[in-house]
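Let me begin by presenting the structure, written as structure tokens, before commenting on it.
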Amino acid sequence: MRVLFAALCLLLSSAVACAAENQSAKTAGSGFYFDTYVTFTLYGADADLISDLHQLCAHYESLLSKTQVDSDVYRLNHAGGKPVTVDPETYALLQRAKEISELTDHAFSVSIAPLSELWNFKTHTIPGDAQRIAALALVDDERIVLGQEHTVSLAPGMQIDLGGIAKGYIADQAAALTRNRCTGAILNLGGNVYCTGSKPDGSAFKVGVENPLCPDPVTPAVISITDGTVVTSGTYERYFEENGIRYHHILDPQTGSPAQTDLVSATIVSTCSMDADAFATACIVLGSERSLELLTQLRLDAILITTEGDILLTPGFKTRVDYQPAS
């Protein structure tokens, strides 16, 4: 009996040790989707989760990419104004994009594609005034018609680009995929970080917020998060200088030029990466004063960094977000 009891204790001890080892086992993967590098860090994941995450990203790229032939977006942009039947997810994404465009007074716009195509931040291409003004006439999210049975119509000449909201949506879907399939996950979709679960020791993940004005890496705040997203948009991500003028990639839908703003970055902490993605972009266009008004109204938590180096927190940020300011 004592031998049997000892054997059972040994088996139980081994099982507990194996379970602890499985929970702390780290799996990592990376890929290039949506014109950006994507990385996954998983703890205690099942054997198929990394592969399923890659399949998920590939699926949404084939559905929402502006350049991939036969995607919903490509078909819409090349339909010549005719109605196109799209996937229900594409339809729902466009519905939310139109709502956010309205909420932000059109500072966020998915119909900005005719303008963004005129700018090339790799070749330092700046459109002429005539080109820019002509394209401005095609930028109007209200003219995206959502019909019955998931049909969508664009006015002739209009095009859409979901780059300002799709990565957030995909991060949400990827996060949902990880729940109950691992003990913890860090999903980084190029500026959109989503964390689920916790570290192997049970503590929260930590996400640093960079201050792009500092020559050396500086984090004005470190955010602790167990199930949520941290999304940053900034004027420092893609830009070029020409004749002493700095041009960044976040265009103002009202002017067709890089937004004249007092913000260098906007970081939103939320449980919905899709919304955070779009609102962070809109904040850069709106500037600090109008952004704080909007974010307060929507009860969104954010850190805004101005061109003067000021760090602004939305009301309630300190009570709703677990963060550690830099000393």
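In what follows, every heavy atom counts, from backbone to side chain, and hydrogens, waters and symmetry copies are set aside. Source: prediction; values computed, not measured.
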Tell me whether the rings of H54 and Y33 are parallel (<30°), tilted (30 to 60°) or perpendicular (>60°). tilted
*Side-chain touch L64/D72, heavy atoms, less than 4.5 angstrom*: no
_Check whether S153 reaches the backbone of V145 with its side chain - one donor and one acceptor, N or O, closer than 3.5 Å._
no
**OP:** Go through the steps to decide whether T226 and D322 satisfy the test side-chain contact (heavy atoms from CB on, under 4.5 Å), and finish with yes or no.
**Re:** CA-CA 10 Å; T226 54; D322 183 359; over 6 Å; no
ask   = Should E293 and R290 count as an ion pair when the cut-off is N to O under 4.0 Å?
value = no
Side-chain heavy atoms of L94 within contact of L76, under 4.5 Å: yes
Checking the side chain of T319 only, and the main-chain atoms of G316 only, is there a donor and an acceptor separated by less than 3.5 Å?
yes
Exercise. Is there a donor-acceptor pair closer than 3.5 Å between any side-chain N or O of S203 and the backbone N or O of K199?
Worked result: no
Measure from the side-chain N and O atoms of Y236 to the backbone N and O of H248, and report whether any donor-acceptor pair falls under 3.5 Å. no
Between D48 and R181 (salt bridge meaning N to carboxylate O under 4.0 Å), is one present in this structure? no
**Asked** Between Y60 and F34, is the ring centre distance below 6.0 Å?
**Response** no
Open item on the list: Using the rule that Ile, Leu, Val, Met, Phe, Trp and Tyr join whenever any side-chain heavy atoms are under 4.5 Å apart, tell me whether M274 and I112 fall into a single cluster.
Closed with: no
Given 3.5 Å as the limit, does a donor-acceptor pair link the side chain of T183 with the main chain of Y43, or not? yes
* So, are D141 and K98 salt-bridged, with charged N and O less than 4.0 Å apart? -> no
Rounded to the nearest 0.5 angstrom, the OG1-CG distance for T235 and D262 is 10.5 Å
What one should report as the nearest heavy-atom pair of S116 and L251 is CA-CD1, 3.7 Å
Original post:
With distance as the sole test, does T314 use its side chain to make a donor-acceptor pair with the main-chain N or O of F317 at under 3.5 Å?
Top reply: no
Interatomic distance, OG@S30 vs CD1@I50, rounded to 0.5 Å, equals 9.0 Å
Exercise. For F108, does its backbone N or O pair with a side-chain atom of S101 as donor and acceptor, under 3.5 Å?
Worked result: yes
Discussion item. Quick check: do P127 and W119 have side-chain heavy atoms less than 4.5 Å from each other?
Written reply: yes
What one should report as the nearest heavy-atom pair of T85 and R75 is O-NH2, 2.9 Å
Check: D140 main-chain N/O paired with S111 side-chain donor or acceptor under 3.5 Å: yes
Query raised in the report: Please walk me through it: do Q173 and H59 pass side-chain contact (heavy atoms from CB on, under 4.5 Å)?
Result: CA-CA 11 Å; Q173 306 314 306; H59 164 70; over 6 Å; no
Got I311 and I303 here, is their nearest side-chain heavy-atom distance under 4.5 Å? yes
Rounded to the nearest 0.5 angstrom, the OG1-CG distance for T307 and L213 is 7.5 Å
**Heavy-atom side-chain contact between F279 and L294 under 4.5 Å** = yes
**Request:** Would you mind reporting whether L138 and Q159 have side-chain heavy atoms less than 4.5 Å apart?
**Result:** no
Query - Donor-acceptor side-chain pairing of T196 and T178 below 3.5 angstrom - result: yes
Check: Y169/E89 side-chain N/O donor and acceptor closer than 3.5 Å:
yes
Modelled atom types, side-chain donor and acceptor of Y247 and H124, under 3.5 Å: no
In this structure, NE2 of H150 is separated from CG of L146 (nearest 0.5 Å) by 10.0 Å
Exercise. Do the non-hydrogen side-chain atoms of Q260 and D252 ever get within less than 4.5 Å of each other?
Worked result: no
